[in-house]
Amino acid sequence: MSVLVVGASAAGLSTVEALRRNGCQEPITVIGAEWHLPYDRPPLSKQFLCGDWDEDRTRLRPDTMLSALGAEFVLGDSAVGLDVDRRTVHTASGRELQGDAVVIATGLRARVLPGQGGLDGVHVLRTLDDAAALRKELLEASRVVVVGDGVLGAEIAATARKMGLAVTMAGPQAAPLQSQFGPVVAGLLAELHASAGVHLKLGKAVTGLTDDNGRVNGVRLETGEVLPADVVVVALGAAPATEWLVDSGLRLDNGVVCDTRCRAAAGIYAAGDVARWQHEDSLLRLENRTNATEQAACVAANIIGDEQPYRPVPYFWTDQFATKIQVHGLPSAAADVTVAEGNLDERRFVVHYRRDGRVVGVLGWNMPKQTRLHREHLVPA
């Protein structure tokens with residue numbers, strides 16, 4: 001059974017590797033919109049952006065390992081359409097590529113601000129090229145405003161501060177990641193950034209950008225205040241990259257909608273950030289590196305006939321300054337938070353998130369080993 005993987009991403013590469021591990025010897029083709037071979041995204045906002053890592057170190061696998069997979073990589077040619085019945089992908093260059101099974105692993109596209117296009121000095125961070133362009137400008141700037149108070153925005157703010165820039169973080173939440181972590185942990189995250197010199201302008205929506213002859217020079221808040229900037233980074237989340245599928249007939253709703261086995265249609269699967277699959281009694285989509293690998297393994301198993309539902313324990317981590325935060329399950333601001341181990345004041349702790357008496361999330365702050373052990377307390381919905 002030949003397999004066509006759309007997306008030279010972590011999820012795409014992991015699908016290929018899982019297929020080969022499971023004995024698939026059939027032809028595999030990987031289509032990538034970028035010219036780069038598969039690379040890791042989490043380091044882009046941290047190690048690569050600050051210069052600790054070079055481009056080669058972001059590569060997921062060296063050439064020798066990629067060659068051993070025996071897959072054909074078609075790079076620099078984005079998918080523009082999918083014929084579900086024929087399992088054929090059309091590309092921007094005019095290619096038509098077909099597989100007995102098609103895996104959609106096109107990931108996400110960064111959201112932008114209205115009026116952002118065409119202004120110099122305004123960046124998003126999604127790809128390796130994005131990160132390289134942003135790093136180049138940060139090295140020449142003194143003031144940066146990060147528009148966004150989620151994981152990516154907080155990581156970029158921490159990295160830019162480490163690089164010596166004057167950093168302002170702007171966003172609608174009262175504290176970074178408050179909608180995800182709740183006020184207790186988010187409040188500690190705000191204190192972490194403030195103590196490191198990040199200027200927090202939170203709780204106010206960003207309404208636009210100001211410029212001088214086409215070069216950004218500020219961020220305007222709903223109050224009318226303008227935050228001066230040499231560089232602006234827009235980190236307002238991302239949306240599933242499904243535009244190329246609008247005429248495919250697949251169900252698209254905040255991602256490619258799939259069944260419990262990550263199947264969107266007969267012979268069509270999705271994996272990684274773009275996949276929204278039936279999980280328990282609802283649809284779930286996860287945006288993290290761990291999910292990309294685990295979901296790809298499930299997709300590969302289902303392609304070769306080892307039918308299995310995808311039932312992960314969600315997990316992600318974020319490193320900000322010298323703090324490592326690890327999260328298992330699905331915490332939320334609506335959950336009740338209790339300290340299970342450690343001490344909040346000492347900034348070494350594990351907390352449980354409870355809803356209806358069940359532990360639905362576990363978060364650890366600088367306690368990686370202990371956090372991992374607390375996964376056993378998680379109760380599925």
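- Taking 4.0 Å as the cut-off between side-chain N and carboxylate O, Asp77 and Arg95 count as a salt-bridged pair.
- If you take CD on Glu140 and CG on Leu138, they are separated by 9.5 Å, rounding to the nearest 0.5 Å.
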Checking His193 against Phe321 for the side-chain contact (heavy atoms from CB on, under 4.5 Å) test, could you report, in this order, the C-alpha distance in whole Å, the side-chain angles of both residues, the deciding distance, and whether it holds? CA-CA 8 Å; His193 279 261; Phe321 300 107; 3.6 Å; yes
side-chain contact (heavy atoms from CB on, under 4.5 Å), that's the test. Do Asp120 and Val216 meet it? Break it down for me. CA-CA 6 Å; Asp120 292 333; Val216 73; over 6 Å; no
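- Once rounded to the nearest 0.5 Å, the distance linking CG of Leu128 with CG of Leu37 reads 11.5 Å.
- Annotation: side chain of Leu363 is not in contact with side chain of Pro331 (no heavy-atom distance under 4.5 Å).
- When all heavy atoms are compared, the tightest approach of Glu26 to Met1 is CG-N, 2.7 Å.
- The local environment of CG in Asn343 is crowded, with over 12 non-hydrogen atoms from other residues, nucleotides or ligands closer than 6.0 Å.
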Assess the residue pair Glu34 and Arg126 against the criterion (salt bridge (Lys or Arg N to Asp or Glu O under 4.0 Å)); give the C-alpha distance rounded to whole Å, side-chain angles, the decisive distance to 0.1 Å, and a yes or no. CA-CA 12 Å; Glu34 300 177 62; Arg126 176 64 192 166; over 6 Å; no
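- Atom-to-atom distance recorded for Leu44:CG and Leu134:CG is 10.5 Å, nearest 0.5 angstrom.
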Could you go step by step and tell me if Lys201 and Glu225 meet the salt bridge (Lys or Arg N to Asp or Glu O under 4.0 Å) rule? CA-CA 10 Å; Lys201 294 293 291 187; Glu225 181 182 1; 3.0 Å; yes
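- Remark: the Glu17 side chain and the Thr15 side chain contain no N/O donor-acceptor pair separated by less than 3.5 Å.
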Determine, stepwise, if the pair Ser332 / Gln180 fulfils side chain to side chain donor-acceptor pair (under 3.5 Å). CA-CA 5 Å; Ser332 72; Gln180 194 167 5; over 6 Å; no
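- The closest donor-acceptor contact from the side chain of Tyr269 to the backbone of Ala296 lies at 3.5 Å or more, if one exists at all.
- Between Ile104 and Leu245 the shortest side-chain heavy-atom distance falls below 4.5 Å.
- Minimum heavy-atom separation, Gln326 to Thr371: O-CG2, 3.9 Å.
- Of the possible donor and acceptor atoms, one in the side chain of Asn366 sits under 3.5 Å from a partner among the backbone N and O of Lys324.
- Residue His123 holds its NE2 atom at 10.0 Å from NZ of Lys136, rounded to the nearest 0.5 Å.
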Assess the residue pair Ser282 and Glu280 against the criterion (side chain to side chain donor-acceptor pair (under 3.5 Å)); give the C-alpha distance rounded to whole Å, side-chain angles, the decisive distance to 0.1 Å, and a yes or no. CA-CA 6 Å; Ser282 62; Glu280 306 297 342; over 6 Å; no
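- Between Ile28 and Glu72 the shortest side-chain heavy-atom distance does not fall below 4.5 Å.
- Nearest heavy atoms, His328 versus Tyr315: CE1-CD1, 3.1 Å.
- Defined by atom type and a distance below 3.5 Å, a donor-acceptor pair is missing between the side-chain atoms of Tyr310 and Asp259.
- Linking ILVMFWY side-chain heavy atoms closer than 4.5 Å, directly or via other members, places Leu177 and Val185 in a single hydrophobic cluster.
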Run the numbers on Val313 and Leu378 for side-chain contact (heavy atoms from CB on, under 4.5 Å), then give the verdict. CA-CA 9 Å; Val313 175; Leu378 289 169; 3.6 Å; yes
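- Side-chain contact annotation: Arg263 with Asn302, donor-acceptor N/O pair under 3.5 Å absent.
- Of all heavy-atom pairs spanning Leu286 and Pro312, the tightest one is CD1-CG, 4.5 Å.
- When side chains are defined from C-beta on, Leu4 does not count as touching Gln98, because their heavy atoms never get closer than 4.5 Å.
- Looking at Val327 and Trp317, their side chains never come closer than 4.5 Å, going by heavy atoms from C-beta outward.
- Checking side-chain atoms of Asp211 against main-chain N and O of Asn217 turns up no donor-acceptor pair under 3.5 Å.
- Under the 3.5 Å distance criterion, the side-chain polar atoms of Thr127 are matched with a main-chain donor or acceptor of Asp130.
- Cluster annotation: Val184 and Phe349 are assigned to the same hydrophobic cluster (Ile/Leu/Val/Met/Phe/Trp/Tyr, side-chain heavy-atom contacts under 4.5 Å, transitive).
- Between the side chain of Arg161 and the backbone N or O of Leu165 there is at least one donor-acceptor pair closer than 3.5 Å.
- Side-chain atoms of His352 and His374 include a donor-acceptor pair closer than 3.5 Å.
- There is a path of hydrophobic side-chain contacts, each under 4.5 Å, that joins Val206 to Leu227.
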Let me see the working for Lys46 and Glu155 under salt bridge (Lys or Arg N to Asp or Glu O under 4.0 Å), right down to the final yes or no. CA-CA 7 Å; Lys46 300 181 284 290; Glu155 289 183 350; 3.1 Å; yes
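- With no hydrogens or angles considered, a side-chain donor-acceptor pair links Thr338 and Arg354 at under 3.5 Å.
- Residues Asp40 and Thr58 have side chains that never bring a donor and an acceptor to within less than 3.5 angstrom of each other.
- Taking the six-membered ring for Trp and the full ring otherwise, Phe48 and Trp53 have centroids separated by 6.0 Å or more.
- The environment of Arg355 atom CZ is sparse: at most 12 non-hydrogen atoms of other residues, nucleotides or ligands sit within 6.0 angstrom.
- Between the side chain of Thr88 and the main chain of Glu96, no donor-acceptor pair closer than 3.5 Å is present.
- With rounding to the nearest 0.5 angstrom, the CD atom of Gln308 is 4.5 Å from the SG atom of Cys298.
- In terms of modelled atom types and a separation under 3.5 Å, the side chain of Arg220 and the main chain of Val226 share no donor-acceptor contact.
- Thr29 has its side chain out of reach of Val5: every pair of non-hydrogen atoms, C-beta onward, lies at least 4.5 Å apart.
- A 4.5 Å side-chain heavy-atom check between Lys204 and Leu202 finds every atom pair outside the cut-off.
- Using modelled atom types, no side-chain atom of Asp212 and backbone atom of Arg215 make a donor-acceptor pair closer than 3.5 Å.
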Show, in sequence, the C-alpha distance, side-chain angles and deciding distance for Asn254 and Arg285, and conclude whether the side chain to side chain donor-acceptor pair (under 3.5 Å) test is met. CA-CA 8 Å; Asn254 186 29; Arg285 187 174 65 82; 3.1 Å; yes
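- One finds the CZ atom of Arg61 at 6.5 Å from the OG atom of Ser14 (value rounded to the nearest 0.5 Å).
- Under the 3.5 Å distance criterion, the side-chain polar atoms of Ser2 are matched with a main-chain donor or acceptor of Asp100.
- In the model, Arg41 has a side-chain atom that pairs as donor or acceptor with a side-chain atom of Tyr39 under 3.5 Å.
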Run Tyr353 and Leu330 through side-chain contact (heavy atoms from CB on, under 4.5 Å) and show every step you take. CA-CA 8 Å; Tyr353 289 79; Leu330 296 171; over 6 Å; no
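- Arg59 is not listed as a side-chain neighbour of Pro38, based on a closest heavy-atom distance of 4.5 Å or more.
- Nearest heavy atom pair, residue Ile325 against residue Leu189, reads CD1-CD1, 3.9 Å.
- At distances below 3.5 Å, at least one donor-acceptor pair connects side-chain atoms of Gln173 with backbone N or O atoms of Ser179.
- For the pair Ala79 and Val89, the tightest heavy-atom approach, listed with the atom from each and the gap, is CB-CG1, 3.7 Å.
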